[in-house]
Amino acid sequence: MSINHHLQCVSLLRDCKTLSHLKQIHARASKTGLDADPLVAGKLLLLAATTLADALDYARLLFFRTPSPDPFMYNTLIRGLSESDHPHHSLLTYSQMRRDSVPPDSFSFAFVLKAAANRKSLSVGWQLHTHVIHHGLESHLFVGTTLVSMYAECGCLASARKAFDDIPQPNVVAWNAIVTACFRADDVKGAERLFERMPWKNSASWNVMLAGYTGAGELGSARSLFLAMPNKDAVSWSTMITGFASNGLFDDALSFFRELLREGCRPNETSLTGVLSACAQAGAFESGKILHAHAEKAGLSSIISVGNALLDMYARCGSILMASRVFDWEMEKKSIVSWTSMIAALAMHGYGEEAIQLFHKMEEHGTKPDGITFISVLYACSHSGLIEQGHKFFQEMENTYGIERSIEHYGCMVDLYGRAGLLHKAYEFITNMPIKPNAIIWRTLLGACSIHGNVRLAEHVREKLSELDPSDSGDYVLLSNIYAVAGKWKDVASVRRSMIVQRIQKTPGWSSIEVDKVVHTFVASDDISDVKEEVHKKLTEVMARLKMEGYIPEIMSVLHDVEEEEKEDAILRHSEKLAVAFGLARMPGESVIRIVKNLRICPDCHTVMKLISKVYKREIVVRDRSRFHSFREGSCSCRDYW
DNA sequence: CTAGGGTTAG
């Protein structure tokens, strides 16, 4: 082999961007025997295992074809696998390294400890720690820091502290790791004490505190620390935006983004995806569209994560059209997240068949589904009543695709059977599950009992729930509705009493609507005089007009929490009705009224929305906790199946 | 030729 060939090969590898490109280079290198050169082999493996997308299988092939891999190759494969969906394989490679009598070094431990962290396996972590000590590496700065993070990830703060104390001269990175560990263990005070004691702080240390505070819901502390921060960097801004968004404070998230622009900082992909996620959750369609323009102007819209956030924003703001436009025309590159998001978007809007078609298209495209893809696909089946299809996917995901089924997948199946009225099949399914059913599983069945009015099964489920999670207000509301519909007033009263005795508060329902780029939120109020005069007036007018068209209030579902004479007033005050009245009062005649609700839409509100869409000739889109309802000309996209 | 801490969509 010549020097020339070697140089040429190395320069080719430097510019290698895709797996197929890598395969070409590999093929050429094998012809000249260059692939046996440790430098070339190492670089090939490094690219496949860590840099290129979807190339891990090829990395394993490269590795297993190498007769006696050097430590670098072991480390590289351990590293690649540690961040994969199967960190377990990383641990197996590490074991093989030991079996092959290749001594692990500090790099090996840094990578394999990451695998233990990703598996959240404390026992594996302990075991690896003894190996670290055996190799005399416990005071190694990098290994020690990874140990701290691993213990934090596995939920053992005490061990993280010990590992930190074993580091003779911890640097700022090690300090940041132990502060993060405190936050992971909900020890905010401990984190604050360490932050005070830190010998040096760079901006990352402050960012650790910001992320810790927002993660703990201490937004006031986060805000004051942010204001006091000497050097805010891009991560600080992103942390505030995503932190406030994930605590439901969408307005603040948007304000931070606007302030970032005012300060003359350039938004990056993280701040943009964060603020888009805030719009998605709040249903702020107008603000989202403006951000889309921002993204294009800043040249960020071609980044996959930004495209995914845009498509998700449009889908959650009720525009399946814009979502698919982003997906079909504006995303040259797509990841598993893009496909899954689009499948979920179609499913949320009731396009079950289309969601399944897209799943097959994804496969033809060569993208392998993962566990979350199957959650979306099963959700699509259950919300469109595709029982056979759902059953088939559930079987195939494990048998054909080799993806482990989690409790969420079982939950989808319970929903699939239950929604369709196959209550006993759903019950039988739960009793035969190989995983212990949790409260969510039983709650799903309770929801199905409510749809289909099965009191006896509901009572049985109630017992299970009272063991697993006795304080969920939604369960009590569901149960009392089931009794009310069946006319069992004594039982309604008894559920109500037990709620009072156990001091269970109903989750307050809220609905929001964006008008002129401002999100207005309405809460179901106890006192009609709390409602703005403008909204009250409009609502009274609307209801009068609907009654002339033959509307009769469906008061069944509220009988549990109000006195007889108040029941009509009570459903009149539902937050989604206040929001739609506000929309009718404030928005021009043509525009679509988009509402987001935190709970499920109530049957009476559903009827009212249908009627408004017909009488006022307005399209109304309501996103509730589980799906979209698109009301047009008197009917709903959910076909009354929700 | 490889590492550790802080923000990122389903």
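Note on naming: letters A, B, ... go to the chains in the order of the sequence lines (proteins, then strands), and numbering restarts at 1 for each one. Reckoned from all heavy atoms, side chains included, excluding hydrogens, waters and symmetry mates.
Across all strands shown, A:Asn268 has no heavy atoms under 4.0 Å from either base or sugar-phosphate atoms. As judged by a 4.0 angstrom heavy-atom cut-off over every strand, A:Thr180 is placed among residues touching the sugar-phosphate backbone only. Note on A:Thr373: a base of the nucleic acid sits closer than 4.0 angstrom, heavy atoms only. Within 4.0 Å (heavy atoms only), A:Ser277 reaches no atom of the nucleic acid at all. As judged by a 4.0 angstrom heavy-atom cut-off over every strand, A:Ser106 is placed among the base-contacting residues. Using a 4.0 Å heavy-atom criterion, one finds that A:Leu39 contacts no nucleic acid atom at all. Residue A:Ile336 is in base contact, counting any heavy-atom pair closer than 4.0 Å across all strands shown. A:Asp312 comes within 4.0 angstrom of sugar-phosphate atoms only, judged by non-hydrogen atoms across all strands, and of no base.
For a distance-only test at 3.5 Å, the side chain of A:Asn202 qualifies as a donor-acceptor partner of the base of B:dG5. In the interface, the side chain of A:Asn171 is paired with the base of B:dG4 through a donor and an acceptor atom under 3.5 Å apart. In the interface, the side chain of A:Thr340 is paired with the base of B:dG10 through a donor and an acceptor atom under 3.5 Å apart. If you check distances only, the side chain of A:Thr146 never reaches the base of B:dA3 with a donor-acceptor pair under 3.5 Å.
Atom-to-atom, CD1 of A:Ile167 to P of B:dA3 comes out at 19 Å; the value is rounded to the nearest Å. Whole-Å rounding puts the A:Leu358 CG to B:dG10 C1' distance at 13 Å. Here the C1' atom of nucleotide B:dG6 and the CG atom of A:Asp233 are 8 Å apart, to the nearest Å. Following rounding to the nearest Å, A:Asn176 (CG) and B:dG5 (C1') show an atom-to-atom distance of 5 Å. At whole-Å resolution of the value, CG in A:Asn207 and P in B:dT8 are 12 Å apart. Between A:Lys334 atom NZ and B:dG10 atom C1' the separation is 15 Å, expressed in whole Å. Protein atom CG of A:Leu210 is 14 Å distant from nucleotide atom C1' of B:dG5, rounded to whole Å. Atom-to-atom, CG of A:Leu141 to P of B:dG4 comes out at 12 Å; the value is rounded to the nearest Å.
Closest contact between the side chain of A:Phe142 and the listed nucleotides B:dG4, B:dG5, B:dC1 involves B:dG4. In this structure, of B:dG10, B:dG4, B:dT8, it is B:dT8 that holds the atom nearest to the side chain of A:Thr273. When distances run from any side-chain atom of A:Phe111 to the nucleotides B:dT2, B:dG5, B:dG4, the shortest one goes to B:dT2. Side-chain proximity of A:Phe72 to B:dC1, B:dT7, B:dA3: nearest is B:dC1. Taking only side-chain atoms of A:Thr239, from C-beta outward, the nucleotide of B:dT7, B:dA3, B:dG6 with the closest atom is B:dT7. Closest to the A:Phe107 side chain, of the nucleotides B:dA3, B:dG10, B:dG5, is B:dA3. For A:Arg79, whose side chain is taken as the heavy atoms from C-beta onward, the closest listed nucleotide among B:dA3, B:dA9, B:dG4 is B:dA3. Side chain of A:Val173, nearest nucleotide from B:dT8, B:dG4, B:dA9: B:dG4. Candidate nucleotides B:dT7, B:dG10, B:dG5 were compared by shortest atom distance to the side chain of A:Ala204, and B:dG5 ranks first. Distance from the side chain of A:Asp105 is smallest for B:dT2 among the nucleotides B:dG6, B:dT2, B:dG10.
Aromatic ring centroids of A:Phe72 and A:Phe107 lie 6.0 Å or more apart. Centroid-to-centroid, the aromatic rings of A:Phe195 and A:Trp175 stay 6.0 Å apart or farther. The distance between the ring centers of A:Trp237 and A:Phe226 falls below 6.0 angstrom.
At B:dG5, one or more side-chain N or O atoms of A:Lys114 fall inside 4.0 Å of OP1 or OP2 (strictly under the cut-off).
No more than 12 heavy atoms of other residues, nucleotides or ligands lie within 6.0 Å of CG in A:Asn231, so this atom counts as exposed by the packing criterion.
Within the structure, side-chain hydrogen bond (donor to acceptor under 3.5 Å, both in side chains) pairs that include any residue of residues 40-56 of chain A do not occur (at least two apart or interchain).
Between A:Trp126 and A:His129, the ring planes are parallel. Angles under 30° get that label, and only those over 60° would be called perpendicular.
With sequence neighbours left out, the ring pair (Phe, Tyr, Trp, His ring centres under 6.0 Å) criterion links A:Phe63 to A:Tyr74.
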